[in-house]
Amino acid sequence: MIKLKPGVQRGLGRTTEDAERLNGPIPYGGYKNALFLSCCESNAVPLLLQRKYWRCNHMVQNPGNLVPPSGTPGAVGAEIERAYEAGVRDFVVCGHHPCTVVQALVAPEASPPSGPSMAAWLAQAAETTRVVAASYAGLDPQARLEAAAQVHVLAQLQNLLTYPALAAGVEDGTVALHGWVANTALGQLLHYDPAEGQFMPWLRTVMKVSSR
Ligand SMILES: [Zn+2]
């Protein structure tokens, strides 16, 4: 499994206390008031989690599970702000591997944007492209794409911190951010552990059922 280099984890916590704040207890089998953001390509995973493990009441899907920075016009930021206002305090960004949008971000020569709207959309995720080029260029294409899926989720968590209410909530411990990657190549759902600075295996059985 890919091990991330330090860098994109900045500001997402490094201690056990941070881990509990940023990646709080998993409500396995229970109700949770949460916003779940995932890629359009991977709807089986959130739907299964919604029904069986994590009953989210705010679902957002877009190409590549992007979180545009606060103040960017569009539905994603509006729903983040609306969910917070409605009482949501857990925000999950669920990436997946392999993802064609992440592929387009890290290897645009092989997977060019499908049109001008997609090119403009992808430009909002330039941080993923930058970090992968700077730190993971030496990996083989498959490993680089696996690392990119994880880097990309952490970059989106960084963007969640640009929302003032969420940043303040993380600071005082009332808001938790969760980074997940559904790795269908490994057959596992990984979650980001801030204390380790790495994604760790979490649910295997879910992926066995939901991968497609
Ligand atoms: Zn995808």
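As a basis for the values below, the full set of heavy atoms in this structure was taken, side chains included, without hydrogen atoms, waters or symmetry mates. Whatever order the structure lists ligands and atoms in, that order sets their numbers, starting from 1. Predicted, not measured: the structure shown is a model, and the values here were computed from it.
- The OE1 atom of E41, the Zn ion (ligand 1) and the SG atom of C99 define an angle of 110° (nearest 10 degrees).
- The only option from T128, V151, L37 that meets the side chain to side chain contact (heavy atoms under 4.5 Å, CB included) definition with Q156 turns out to be T128.
- Tested against I2 for a side chain to side chain contact (heavy atoms under 4.5 Å, CB included), the candidates L190, V181, L139 yield a single pass: L139.
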- Would V76 and L66 satisfy side chain to side chain contact (heavy atoms under 4.5 Å, CB included), going step by step from the backbone distance to the final call? CA-CA 8 Å; V76 182; L66 266 63; over 6 Å; no
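- In H96, the N, O or S atom that comes nearest to the Zn ion (ligand 1) is NE2.
- Distances from the Zn ion (ligand 1) show that C39 has an N/O/S atom below 2.8 Å.
- No hydrogens or angles considered: nothing links the side chains of Q124 and T72 as a donor-acceptor pair under 3.5 Å.
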